[in-house]
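These notes are about the structure you will find just below.
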Amino acid sequence: MRLSRRRFLFLVFAVALLHSSLRASATHLKPEVIGPLGQRLLEDAKAPEFFNWVRNIRRKIHEYPELGFQEYKTSEVIRAELDKLGVEYTWPVAETGVVATIGSGEQPFFALRADMDALPIQELVDWDHRSKIAGKMHACGHDSHVAMLLGAARLLQARRHELKGTVKLVFQPGEEGFAGAYHMLKHSALDNIKAAFALHVYPSYPVGVVASRPGPVLAGAGRFTATIKGTGGHAATPQLSKDPILAASMAVVALQQIVSRETDPLESRVVTIGYIIGGKADNVIPESVKIGGTYRSLSSQGLVDTKERIKQVIETQAGVHRCEAELDFMDETPLPYPVTENDEGLYEHAKTVAEIILGKPNMQVLPVTMGGEDFSFFTQKMPAVMFVIGSNNKTQTPPEHLHSPYFVIDEEALPIGAAFHAAVAISYLDRHGGGGVIERDEL
Ligand SMILES: *[C@@H]1O[C@H](CO)[C@@H](O)[C@H](O)[C@H]1NC(C)=O
């Protein structure tokens with residue numbers, strides 16, 4: 001077919017116009033749709049039967065905390081609930097992990113993620129559902145994360161025929177230092193996911209509030225140990241020894257300069273030594289001393305630079321004192337965590353959803369902290385965003401923070417979290433799903 005130049009230009013113009021209007025309708029979040037949907041999701045999740053169900057799941061998991069990559073019972077509870085809901089899943093993914101699938105089975109795939117592991121902490125809260133396992137506790141709220149995600153599964157399953165794509169519910173092991181997210185992401189069950197969302201309970205905000213921010217929100221974090229070797233001997237003849245206690249002490253002091261003297265004061269980094277192990281007797285110079293710690297930064301380059309300098313400083317200080325240092329940065333296991341960097345577009349999306357369904361004043365700006373989080377492996381690989389959800393329990397003022405043996409939540413946060421998860425996923429699929437051209441173009 002031959003086209004005249006005018007006709008050709010007209011055709012190009014028409015196609016461009018059609019494309020941009022499709023694009024606009026596909027990317028626009030409609031308050032008139034998400035508003036009523038959000039209200040229904042909240043009502044459903046807050047209904048007494050639903051609330052009791054989600055709360056019981058949380059309590060059950062709270063009573064039987066399991067550490068990273070040992071979440072066998074927790075994984076069993078999750079699968080039993082998914083079975084009851086008639087939701088399909090892949091298991092095991094990275095030992096204890098579960099990836100459930102709800103929706104059309106077609107792209108786009110949107111992931112909602114919850115971590116499952118507890119901490120090696122003895123619970124000191126006196127309540128009916130306290131941990132039944134000595135020395136282990138859900139002090140970081142991962143029991144609540146699992147419950148909220150199962151709540152979302154139930155809400156989504158009831159609407160599965162309306163989903164314009166597929167929601168992947170990711171229950172992952174080993175967030176507390178085991179890089180569980182990294183190991184999950186290697187599995188084919190998480191292939192081709194377009195974007196991911198996660199929620200973390202947060203006792204500094206009241207129930208009903210959520211918070212986040214675009215860009216870096218949590219630090220990248222690595223660990224290290226250094227074994228400083230000298231020559232042991234009698235305390236009375238130091239000239240015959242090479243004292244690793246002194247070398248280690250000087251190294252610890254010298255490490256403080258990395259942040260205070262070598263880092264731009266407007267940049268955030270941390271170097272902390274968490275332990276020094278060495279020597280047994282007051283009249284003996286030991287053979288060696290072991291120190292260990294963590295280094296953190298809000299930028300990948302900051303992490304690389306800090307690590308390099310830690311090595312140089314410790315080795316050099318050891319050398320000054322005629323000792324030798326052996327560094328281990330544990331680059332294989334456990335992996336260092338990258339910076340958690342919230343995607344701007346996805347942040348705007350979830351923020352708008354929060355403002356519509358929870359009210360504008362209940363969407364707040366989360367301050368950056370130097371904590372680490374393995375959801376960072378998601379943020380490295382795809383547009384991903386992490387929000388916190390207010391869980392302040394009014395019986396506790398001021399609130400004990402995450403990882404405290406007195407950590408508590410307000411369980412009224414659970415249905416809100418379930419509804420928020422579901423609303424973010426449904427609206428994401430509404431915006432990005434259901435159109436071949438748009439999907440390929442945008443994602
Ligand atoms: C507040 O915390 C205590 C202790 O965990 C618990 O017994 C109580 O149920 C909590 N309140 C709510 C509303 O969840």
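Just so you know, ligand 1 is whichever comes first in the structure, and atom 1 is the first atom listed for that ligand. Numbering of residues begins at 1 and proceeds along the displayed sequence. Excluded from the calculations below are hydrogen atoms, water molecules and symmetry mates; all remaining heavy atoms, backbone and side chain alike, are included. Every value quoted in this text rests on a predicted model; they were computed, and no experiment measured them.
When side chains are defined from C-beta on, I409 does not count as touching N393, because their heavy atoms never get closer than 4.5 Å. In this structure, Y89 and T101 have side chains that are not in contact, with every pair of non-hydrogen atoms separated by 4.5 Å or more. Within the 4.5 Å cutoff, the side chain of L190 has heavy atoms near those of the F378 side chain.
Between F50 and W53, the ring planes lie perpendicular to each other; the angle is over 60°, past the 30° to 60° tilted range.
Summary of contacts: the protein heavy atom closest to atom 4 (C) of ligand 1 is V408 CG1, 3.8 Å. Of the protein's non-hydrogen atoms, the one nearest atom 7 (O) of ligand 1 is W127 CE3, 3.7 Å. Of all protein heavy atoms, the one lying nearest to atom 3 (C) of ligand 1 is N393 ND2, 3.5 Å.
At a cut-off of 3.5 Å, with distance as the only test, no side-chain donor of Q70 or D117 sits close to an acceptor on the other residue.
Taking any N or O of E411, backbone or side chain, at least one lies under 3.5 Å from an N or O belonging to ligand 1.
Residue contacts with ligand 1 for D410 involve both N, CA, C or O and side-chain atoms from C-beta outward (heavy atoms, distance under 4.0 Å).
Close approach of ligand 1 to I409 (heavy-atom distance below 4.0 Å) involves ligand atoms 1 (C), 2 (O), 10 (C), 14 (O).
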